[in-house]
Structures are given as structure tokens and as C-alpha cells.
Amino acid sequence: QKEVEQNSGPLSVPEGAIASLNCTYSDRGSQSFFWYRQYSGKSPELIMSIYSNGDKEDGRFTAQLNKASQYVSLLIRDSQPSDSATYLCAVNIPGANSKLTFGKGITLSVRP
Amino acid sequence: GAVVSQHPSRVICKSGTSVKIECRSLDFQATTMFWYRQFPKQSLMLMATSNEGSKATYEQGVEKDKFLINHASLTLSTLTVTSAHPEDSSFYICSAREPDQPQHFGDGTRLSIL
């Protein structure tokens, strides 16, 4: 069974700290990896996509991918209270339609 | 760019009613659209995948006769929950994508069946 696992949460960090969110996946054929942010009662919002090994930076966000270890992470620098949300890791299933498998999400709380 | 509009945002209706939810891609052509359901404090569960002009592909355990999906154009897909019952109450979310691009989500529809 294809699975996407995220650390058990919730995660609480002080404002200004680095938040580190981790995700592992089981299907070695996965090629595309995404991080979505979901505020309570809202739909997910794409914040990062990564397709090759290494780091990808976008503002305060850095996605890291290690296909050998089947591991993808999201770092949020200078965390702000507005970053408080549930973060969903999603992995593409190769083949027709490129369905995504989502992790259960990790809830981040940034303390002012 | 990549805006997905979903309507209505909230529906409250009596048991036995059929409810239609629309999903539109506003600034791109969505070759594929996806319908998800999310129960409180749980992750997204894919219900079905639809490609324009063809029948939807349903995930295991999802009743295709209860959840009717139509993807008649490259910018519109609809989900109809037929004869809805209280256990169908959930947050329904659509997403759309162009080839080789990430999925972008609509704002979701909160369905409450009394």
C-alpha cells in the first residue's frame, strides 16, 4: 500500500524560530512532492513543490528532498503566528492522472 | 494564476436531497480534476478523478451511483451527491491541474445533511 507518513504532532515553536516538518513515503517510483498548508476550515493551499534531490528555497520556506531515503521535509524560517496551520505532505503517484497521496498532516502552532 | 472556484461554499439540506457542487478552473484549462472528501481532523481522501470528456475513475469504496461526476468541459466539473444522508455530511474539495503542473484546490463545500 502506498503511504505517506508525517511526524505525529502537533508541533509548537516560538515566533522567530525554525519549524521543521518531516515526511516519508513508501513508493520509490514517486517523482513529485508537494507541501500544502491548510488553515482550519479552509481548503489546502500549495506552498512548495519539489521534484529533484536537494533543497528548494522560496522566501522563508525550504523544501528538502532525499529520494534515496524517501524523505521530504519543509523548513519554515522566522516562523510567524500566521504560519499556524496544518501542513500536508503530498506525493504524486506515477501513471495516469498523477493522483496525489496525502499524509495525515501536522499541525503547527507558532507562539507569539 | 491557477485559480479554482468552487460553489457553493456551504449547503444545509434535508436528508434525501440531491446536492450539486461545481468546480471551475478560472484561468487555465484543467485536463484533470479531482474530488476529495475530508472529515474533521482527518486528511484528504480522494473520491474520484475526472478527465474532460470521459468517465470519472472512482476510488475503492466510493459509490459511483451516489457521487455522480461530470467533467463536460476543460474548465468545469460537477459532483452531485444523490439522495444525501447525514453520514454524507463532510467537507468536499475539488482540485484541478494542467498537465505536469501541481493541483490547485477550490475553497471547498461544507455539506450538512439534517
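The chains referred to below are lettered A, B, ... by the order of the sequence lines, with proteins before strands, and numbering in each begins at 1. All values below come from the heavy atoms of this structure, side chains included, with hydrogens, waters and symmetry mates left out.
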Return all side-chain donor-acceptor pairs below 3.5 angstrom for residues 46-53 of chain A, not counting sequence neighbours, or 'none' if the list is empty.
{"residue": "A/Ser49", "atom": "OG", "partner": "A/Lys56", "partner atom": "NZ", "Å": "3.4"}
{"residue": "A/Asn53", "atom": "OD1", "partner": "A/Lys67", "partner atom": "N", "Å": "2.7"}

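Looking only at heavy-atom pairs under 4.5 Å with chain A, the residue among B/Gln42, B/Gln38, B/Arg110 that has the most is B/Gln38. Your options are B/Pro40, B/Gly108, B/Ser9, B/Pro102, and the one with the most heavy-atom pairs under 4.5 Å with chain A is B/Pro102.
Side-chain rings of A/Tyr25 and A/Phe33 approach one another, their centers coming within less than 6.0 Å.
For A/Glu45, no part lies near chain B; criterion is any non-hydrogen pair under 4.5 Å. With a 4.5 Å cut-off on non-hydrogen atoms, B/Glu59 touches chain A through its side chain but not through its backbone. Looking at B/Gln6, neither its backbone nor its side chain comes within 4.5 Å of chain A, counting heavy atoms on both sides.
With contacts defined as side-chain heavy-atom distances shorter than 4.5 Å, the pair A/Phe102/B/Tyr36 qualifies. Contact annotation: the side chain of B/Ile69 approaches that of B/Tyr58 to within less than 4.5 Å [non-hydrogen atoms, C-beta and beyond].
Side chain to side chain, A/Gln70 and A/Thr24 fail the donor-acceptor criterion of an N or O pair below 3.5 Å.
The heavy-atom pair separating A/Lys42 from A/Gln38 by the smallest distance is O-NE2, 2.7 Å.
Between the side chain of B/Ser77 and the main chain of B/Asn70, a donor-acceptor pair closer than 3.5 Å is present.
For the pair B/Arg37 and B/Tyr92, the cation-pi criterion (under 6.0 Å, within 45° of the ring axis) is not fulfilled.
Annotation: residues 74-81 of chain A contacts chain B through no residue [non-hydrogen atoms, separation under 4.5 Å].
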